[in-house]
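Only a predicted model underlies this, so the values are computations on that prediction, with no experimental measurement involved. Atoms within each ligand, like the ligands themselves, are counted from 1 in listed order.
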Amino acid sequence: MPHASGPTPPGPHDFDAVVVGAGFAGMAMLHRLRGLGLSVRVLEAAEDVGGAWFWNRYPGARCDVESIQYSFRFSDELQQDWTWSERYASQPELLRYAQHVADRFDMRKDISFGRRVTSATYDERALLWSVTTDDDAMLTARYCIMAAGCLSCPSRPEIEGLQSFAGDIYQTSAWPRDGVDLAGKRIGLIGTGSSGVQATPQLAAQGGRLTVFQRSAAYAVPDHNRGFNAGELDEVKRNYKTLRAHWWNTPRGMDLHPSGISALEVDAAERERMYEEYWARGGVAFQGVFNDVAVNPEANDTINAFFRKKIREVVKDPATAEKLTPKHRFSTKRLCVGSGYYEAFNKPNVDLVDLRENPIARIMPDGVETAKSFIPLDVLVFATGFDAMTGTLLRIDVRGRGGCRLSETWAEGPATYLGIGMAGFPNLFVVAGPGSPSVLANVITAIEQHALWIGDLVAHMEKNRIVAAEPTEAAQAEWRRQCDKSAAHLLLVKGNSWYMGSNIPGKPRVFMPFYGFSDYTAICENVQAAGYEGFVFREAGAKAGHAAAGVRPRRVDA
Ligand code: FAD
Ligand code: NAP
């Protein structure tokens, strides 16, 4: 349990806004709301800012959206002063960046660290959110902003015998702050998603033995990480305004260098040349190679074949290469990006266990027993992902009007309007949560768009003496349809991934984000221009009790 520090929130009344989380989303919201002249308190479970980059300190952790894009644009001074050292910044550098932002904008004075929010309850009469934390602090605020992260609730599978393991157990998403000495250890790594792919070469380099337990093979593209050439960053800084505007208007909020052509409209030789070109470019921009590989099964087959070939070229043992070749379609899970992932399996100290043919039977005190063998281990590393998008919010006891519980209203999957508001939960706004393009975009860009939009909504409310805003049930239901429609053409919705909730046993199968950042921003602009269509507003002076007291919420037109 981290030690609680920072200013103590005052007693029961208190701030105009409370923000849960001090990752990039929480910091962006703090900056925006303070800019409106509101008093804001941020509550953060960790001991510092940074969110994902505070917690995910596993060896090899780095962003896979280019640093120059995976950064804030809200302050030109910030982006001019900050100098990235690598094309894809490592976790320590990303954490330093977050700390720099916090210091530069004097954010820490408004953040309470080491406080995990356990409940948020709306008082209809007082028109206030009451927020409590795990150290029994309580504060009230008119607005409650959930900036608690879409990938911030670690998931660790229950495996028979896990409790009996006598060695050390680590999770990539809760890596010890001061690092771990793994030199010479026999390490078992479970999970080969983005985290496992980044960690594998680093764990293999520790000198001991590494066994990778793989359930689904990864599509892993090299990042070709590097420093910047002389003058390269200066050029970016000179053109940041234009570049940011361009990225803002793309479907993913970042530049994937889309070719704009179909994999099926070129001959095999040209297709191969383009795959090689995008492979050489590296990173998530590999997805820009053809416009139909994520949509059309026939086009998709060509990219699967390319990966099969690539893996065989790199991995010397044909049986290992075959196991490492994904059996699911490209783009039905998130693309992984790493450095030396497939190459690691050529090392004599690295083993691969394909769990589909050789499942874990149980964990023993000194290792893992699979259906076919026993693997002695000193350390177990879980890279098994997150209860994504909804997990973190559902761990907070959120109660809205009439005591309605978020856990109940979301029982069949998340229900939001624009991913921002929820019917029954006035003045509760979510940043980069379900129903938003967040995780299918450059998340920082998506966060900034939300911070701006929510800030505008709050400014509108303040100006017009509106004390409560929440979406209608109808707008929310329509948004569910829009989210489904946004992705209906994608193979992603046919596969099993955390975007669909498939990685968590019992979680409803729902496509949780919205696909298409630029489409989404256009919708948000239209909603705003139409006087926040889909929201109901309640003015100051109206009797407390909302519908129960006969108050008819009215929509305020612009
Ligand atoms: P987070 O960074 O998750 O921050 C949420 C904060 O809320 C955390 O600090 C958490 O402690 C706090 N919190 C949660 N619940 C509570 C509570 N109840 N009480 C108090 N505090 C709470 N996205 C990209 O676009 N590009 C990338 O390259 C990329 N790489 C990633 C790599 C990793 C390893 C991971 C895990 C994610 C990555 N992401 C990436 C997605 C990443 O989640 C976002 O980019 C971004 O960091 C999200 O910021 P956030 O502030 O919304 O959430
Ligand atoms: P993840 O993508 O969900 O991967 C989890 C891995 O664990 C998968 O290989 C999964 O297999 C496996 N797994 C889960 N339960 C298991 C079980 N019971 N037994 C065996 N294997 C099991 O999680 P992640 O790697 O932490 O990444 C999550 C997201 O965070 C990414 O998609 C990305 O958005 C972000 N991220 C980004 C980067 C980056 O490069 N910048 C790095 C890390 C994370 P199945 O696939 O079969 O379920």
Side-chain angles (χ1 to χ4, degrees), residues 2 19-29 42-58 60-67 69-70 88-89 91 94 98 112-120 131 133-134 146-159 171-173 190-199 213-218 223 252-254 283-284 326 328 333-338 355-356 359-360 382-386 388 391-393 395-396 431-433 438-447 450 496-499 502-505:
V19 175
V20 183
F24 289 124
M27 291 197 287
M29 275 319 308
V42 181
L43 298 171
E44 168 55 60
E47 295 154 304
D48 202 352
V49 296
W53 305 107
F54 176 90
W55 295 108
N56 293 263
R57 296 171 189 239
Y58 59 86
R62 62 178 69 248
C63 58
D64 60 1
V65 172
E66 294 189 31
S67 321
Q69 302 189 49
Y70 187 70
Y88 299 102
Q91 173 274 328
L94 288 156
S112 291
F113 294 107
R115 291 206 157 92
R116 180 168 289 281
V117 170
T118 49
S119 74
V131 174
T133 59
D134 57 357
M146 294 295 183
C150 35
L151 293 160
S152 53
C153 180
S155 162
R156 181 185 290 183
E158 284 174 22
I159 303 177
Q171 185 121 10
T172 49
S173 49
I190 303 181
T192 52
S194 300
S195 303
V197 161
Q198 286 186 330
F213 296 90
Q214 166 195 284
R215 189 163 70 183
S216 301
D223 58 12
R252 305 289 291 270
M254 61 181 141
V284 288
H328 61 281
K333 293 180 190 283
R334 190 187 189 274
L335 181 62
C336 301
V337 177
L355 296 176
R356 304 247 186 235
I360 294 175
F382 283 89
T384 43
F386 301 86
T392 302
L393 292 183
R395 271 158 189 76
I396 303 173
V431 185
S438 56
V439 288
L440 286 170
N442 171 355
V443 181
I444 296 197
T445 306
I447 284 170
H450 266 188
N496 292 320
S497 66
W498 57 258
Y499 298 101
S502 326
N503 64 326
I504 303 295

Select one of side chain, backbone, both or neither to describe which atoms of [X] lie under 4.0 Å from any atom of ligand 1, heavy atoms only.
X	answer
Ser173	neither
Val443	both
Val65	both
Thr118	neither
Thr133	neither
Ile396	side chain
Ser194	neither
Arg395	neither

Look only at the side chain of [X] and the backbone of [Y], and say whether a donor-acceptor pair between them is shorter than 3.5 Å.
X	Y	result
Glu44	Ala46	yes
Asn496	Ser502	no
Ser438	Val443	no
Ser67	Ala89	yes
His450	Val431	no
Arg215	Gly191	no
Gln91	Ala61	no

Provide the number and element of each atom of ligand 1 under 4.0 Å from a heavy atom of [X].
X	value
Cys63	28 (O)
Gly51	1 (P), 2 (O), 4 (O), 8 (C), 9 (O)
Ser152	3 (O)
Ala52	1 (P), 2 (O), 3 (O), 47 (O)
Leu43	20 (C), 21 (N)
Ala441	25 (O)
Val20	16 (C), 17 (C), 19 (N), 20 (C)

Check whether any side-chain heavy atom of [X] lies under 4.5 Å from a side-chain heavy atom of [Y], and answer yes or no.
X	Y	value
Tyr70	Met254	no
Gln198	Thr172	no
Pro157	Phe382	yes
Ile504	Trp498	no
Ser216	Arg356	yes
Arg334	Asp64	yes
Val337	Tyr88	no
Ile190	Ile360	yes

If you measure from [atom1] on [X] to [atom2] on [Y], what distance do you get to the nearest 0.5 Å?
X	Y	atom1	atom2	answer
Phe213	Thr384	CZ	OG1	13.0 Å
Gln214	Thr192	CD	OG1	4.5 Å
Met27	Ile447	CE	CD1	9.0 Å
Ile396	Ser119	CD1	OG	9.0 Å
Leu440	Arg252	CG	CZ	6.0 Å

Return yes or no for this condition: an N or O of [X] is under 3.5 Å from an N or O of ligand 1.
X	result
Ala25	yes
Ala22	no
Ile444	no
Thr392	no

Of the choices [options], which has the non-hydrogen atom that lies closest to [atom]?
atom	options	value
atom 42 (C) of ligand 1	Phe386, Tyr70, Phe24, Trp55	Tyr70
atom 32 (C) of ligand 1	Phe113, Tyr58, Trp53	Trp53
atom 36 (C) of ligand 1	Val19, Asn56, Val117, Val42	Asn56

* Asked: Under 6.0 Å from the six-membered ring centre of Phe54 and within 45° of its axis: does the NZ or CZ of Arg57 meet both?
  ->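 Yes, a cation-pi geometry.
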
* Decide whether the shortest distance between a heavy atom of Ala61 and an atom of ligand 1 is less than 4.0 Å. =>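 Ala61 does not count as a contact of ligand 1 under the 4.0 Å cut-off.
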
* To do: Could you tell me if any non-hydrogen atom of Arg115 lies under 4.0 Å from any atom of ligand 1?
  =>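 The answer is yes, since Arg115 has a heavy atom less than 4.0 Å from ligand 1.
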
Nearest protein heavy atom to [atom], by residue and atom, and its distance?
atom	value
atom 53 (O) of ligand 1	Gly149 CA, 3.1 Å
atom 27 (C) of ligand 1	Asp64 OD1, 3.5 Å
atom 7 (O) of ligand 1	Gly21 CA, 3.2 Å
atom 41 (C) of ligand 1	Leu151 CD1, 3.9 Å
atom 21 (N) of ligand 1	Ala45 N, 3.1 Å
atom 13 (N) of ligand 1	Ala148 O, 4.1 Å
atom 12 (C) of ligand 1	Glu44 OE1, 3.3 Å
atom 49 (O) of ligand 1	Ile447 CD1, 3.6 Å

* Under a 4.0 Å heavy-atom cut-off, what residues line ligand 2? ->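 Lining ligand 2 at under 4.0 Å, by heavy atoms, one finds Tyr58, Arg62, Cys63, Asp64, Leu151, Pro157, Ile190, Gly191, Thr192, Gly193, Ser194, Ser195, Gln198, Arg215, Ser216, Lys333, Arg334, Leu355, Arg356, Ala383, Thr384, Gly385, Phe386, Trp498.
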
* To do: Name all residues meeting the salt bridge (Lys or Arg N to Asp or Glu O under 4.0 Å) criterion together with Arg62; count only those two or more places apart in sequence or in a different chain, and write none if there are none.
  =>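 Applying salt bridge (Lys or Arg N to Asp or Glu O under 4.0 Å) to Arg62 gives Glu86.
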
